[in-house]
Amino acid sequence: MTTRRSNFLTEIIDADLAAGRVSRVATRFPPEPNGYLHVGHAKSICLNFGLARDYAGTCNLRMDDTNPVKEDIDYVHAIQKDVAWLGFEWAGEVRFASDYFDQMYDAAEALIRQGDAYIDHQNVEEIRLNRGDFTRHGVDSPHRTRAIAENLQLFQAMRAGVFVDGTCVLRAKIDMTHPNVLMRDPLLYRIRHAHHHRTGDKWCIYPMYDYAHPLEDALEGITHSICTLEFESNRELYDWVLDHTRHPQGEAWNPRPRQYEFARLGLGYTVMSKRKLLQLVEDKRVNGWDDPRMPTIAGMRRRGVTPEALRDFADLIGVAKNNSLVDIGKLEFCVRQDLEKRAPRAMAVLQPFSLQLTNWPLGHTDLLEIPWKNGEAATRQVPFGREVLIEREDFSENPPADWKRLSVGKEVRLFGAYFVRCTEVIRENGEIVGLLGTVDLESRGGEAKDGRQPAGTLHWVDASSSIDCELRLYDRLFTVEQPDADGDFLPHMNPDALQVLQGQMEPAAAALPPATHVQLMRVGYFYSDPVDSAPGKPVWNRVIGLRDTWTKAPGRTEGRPDRRKEPQEAKKDDGKKDTAQKKNRAEWRAEKRASTPELAAAYGRYAALGLEAEIADLLTDETDIVAFFDAALRAHPNPGSLSRWFLNDLEGLRKGRPLADIPMDGATFGHFVALLDGGRITVLAGKQLLAHLVAQGGDPVALIGTLGLGKVDDHAAIQAAVDAVLAALPGEADRFRAGDQKLLGVFIGAVLKQMRGSADAGAVRQILLDRLKA
RNA sequence: UCGGGGAUCGUCUAAUGGCAGGACCGCAGACUCUGAAUCUGCUCAUCUAGGUUCGAAUCCUAGUCCCCGAACCA
């Protein structure tokens, strides 16, 4: 893969590296060992390990085993196997969250000593009730003010096992009225008298994810802790934990890990939650975690999907923050693309159908040498005799006009063998049970002496030597694209997701060992089942069918729904205002003004200055905006341009930061706008200058000189720049003259860039148009 | 209802104020000892409405829609 993958995470890493926030990249893949990994995890694995590889960093494999009642050692082994199979190598040994239980405990005691955590004896219901919800604040626990010494003693008692499960918990002391519910005194530790797959019975208290995870990352020196979108709200708590704990040696965490979230993989026609996959396994609706119908890595591996295909798929779908539902056809594309390159070709018929060649010498068998793959040297022997078996659906009694296969009187080529012609159908009770035909004995190897070309080529096997084989055909596990969209997903299971056929295979292919890929010609890519195949009794899994542009199969699950949106219906505004509607922002501000005389006065003042109501409204959002704007007005009494630059540019640049935090005061802003109104600098230069003022402050007039932003009115200088740009872009100039108007922007941009924003865009545009006319 | 995210071809994803690009799918054709592969071409998108700007997917304002969050799960 030579393409450099880039996404919002690589941008963050690039910036971190450039700014020196980190000096190396350390990621981790942290599964909970409570189930098998699926293709969604594969995306995460490729991301985390891929980032580590691309930046010459490291990626740890860490089992997030903080809940002993759900986790199991068997899963640990399966996970390791899957990650390794995907082709990734983790740094050092496999890590376990449980390796850090001692440090986590110590950090918790430190939290208590700092007064940042307490033991709560409320029960589950009380805690839930007192946490409040989205509409109500929480209320403090009665135990929130317990003395530090008592908290410490209770926590030690918790650890010592004096309490039964559920007696009490350790909670962080944050804020029960916090708008983020996760920050309302989150639980840090709970009591669980349970056997842990690794620490055995050493512990009877276990840390919660939100407390454990940041510490695991920090202890391992992770720089970029990448997780899925549903953890966005948890990030605030992640940061709180790292802000309130220190390295065992006593320093603040360095590097300080940061959490970033990306969209998990949603894939059509399957389910991806571990809970649902576990249910399929436990209810025996599939044959285990590695059932080839499952979206698990183990299932896909057994089906015959390769690690390369899975990695290609991860690259193909990219990484972003959009909730997305990926078309399963993309996975199928990657699988086909990979297998097309690697799979040797062989022949088998799914539904054998007899063709007797009446002019073939009785008892004679011809051994043909056919290459395993076109253009490659290796061959295998393929017997050919008087009776061959072809695919039932390759014969039609009443073929359509463009039929390229067999029908009565028509000639086809049997791949790598002979031309045959069907002369007659054999019927039993009116049903066609076989065919009679003739062979062109001169066409051995598939070429006729006279050079004639039949319309089609079929796959086939020799009836007397072919081997019985079991062919397992897989289809999508569910019949609808989003089985878990609403309600129960089980009714949507595809009963035909597994179809078992008894077919006939050419001997050389049937002798291939288990875990071998082949393309069964004209049928699909197959993989000899690594578990159920036995010598002399081959079992083949169809990994994926060949792309089929011939058979349109209406009603099959292949159909892809068009998810095109209905054109949005224009909302009818019948003038009747819904009184239950929530307040919009303007109404909210109006209310605030009504209760703040200072804002109301400013609003009146601004309106009197001739500002539009909407502008005056926005400027009176907060009192510090008013103060800032008033100062600017005193420095430069032009409300119109002042308000435009404030609202359209400064508001974007400060990105929600309080005005007090930016190193530019209102008067300076006024002086800045005066520069623009006075024609000292251009709009483009103004934007650069403002960005500088917001970031670093300074004196606008002096900065014009330092940054070289002074406006150039010299017509000749602009003309020279225009000519230089046009000379550098001759092709574009021609295209523009040919009518491609969009390119004018490219020219203007290039000239402006060359003149570092010092030329007026309007003037540049005019000169450009003049020049291009010539 | 509160907080946090998100909205670009049918799907996934780029464009960081300057030519809306790529891939999948689909369609058409060429080629073919696989109706495969390969090759060529084509169809198809910036949530809406205002504003700023020479120029807006990108900046501002207002709205709409979608997702996540109220386990002693992760």
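Naming convention: chains lettered A, B, ... in sequence-line order (proteins, then strands); numbering from 1 in each chain.
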Identify each atom pair where a protein N or O and an N or O of nucleotides 13-15 of chain B are less than 3.5 Å apart, giving names and distance.
unit_1	atom_1	unit_2	atom_2	d
B/rU13	OP2	A/Asn322	ND2	3.4

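Every residue meeting the side chain to side chain contact (heavy atoms under 4.5 Å, CB included) condition with A/Ala685, not counting sequence neighbours, appears here in chain and number order: A/Ile681, A/Thr682, A/Leu709. Scored by the ring pair (Phe, Tyr, Trp, His ring centres under 6.0 Å) test, A/Phe8 finds no partners at all (sequence neighbours excluded). The salt bridge (charged side-chain N to carboxylate O under 4.0 Å, His left out) check on A/Arg184 picks up nothing, with sequence neighbours excluded.
Shown are A/Gln259, A/Arg28, A/Arg235; of these, the side chain to side chain donor-acceptor pair (under 3.5 Å) with A/Ser225 is made only by A/Arg28.
A salt bridge links A/Glu230 with A/Arg264: the distance from a Lys NZ or Arg NE/NH1/NH2 to an Asp or Glu carboxylate oxygen falls below 4.0 Å.
Applying the 90° cutoff around 0 to the glycosidic angle, B/rA71 is assigned syn.
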Fill in the blank from the handout: Readout for nucleotides 69-74 of chain B: B = base within 4.0 Å of protein heavy atom, S = sugar-phosphate only, - = neither; 5' to 3' it is BBSBBB

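Donor-acceptor pairing under 3.5 Å is recorded for the side chains of A/Glu391 and A/His459. A/Tyr269 and A/Gln482 form no side-chain donor-acceptor contact under 3.5 Å, judged by distance and modelled atom types alone.
Stem list for RNA chain B (at least 3 consecutive Watson-Crick or G-U pairs, distances under 3.5 Å): B:2-7 with B:64-69, B:10-13 with B:21-24, B:26-30 with B:38-42, B:47-51 with B:59-63.
Across the interface with RNA chain B, nearest-nucleotide mapping of A/Tyr525 and A/Ser443 shows A/Ser443 to be the residue nearer the 5′ end.
Looking at heavy atoms from C-beta onward, A/Trp645 lies in side-chain contact with A/Leu690 at the 4.5 angstrom threshold.
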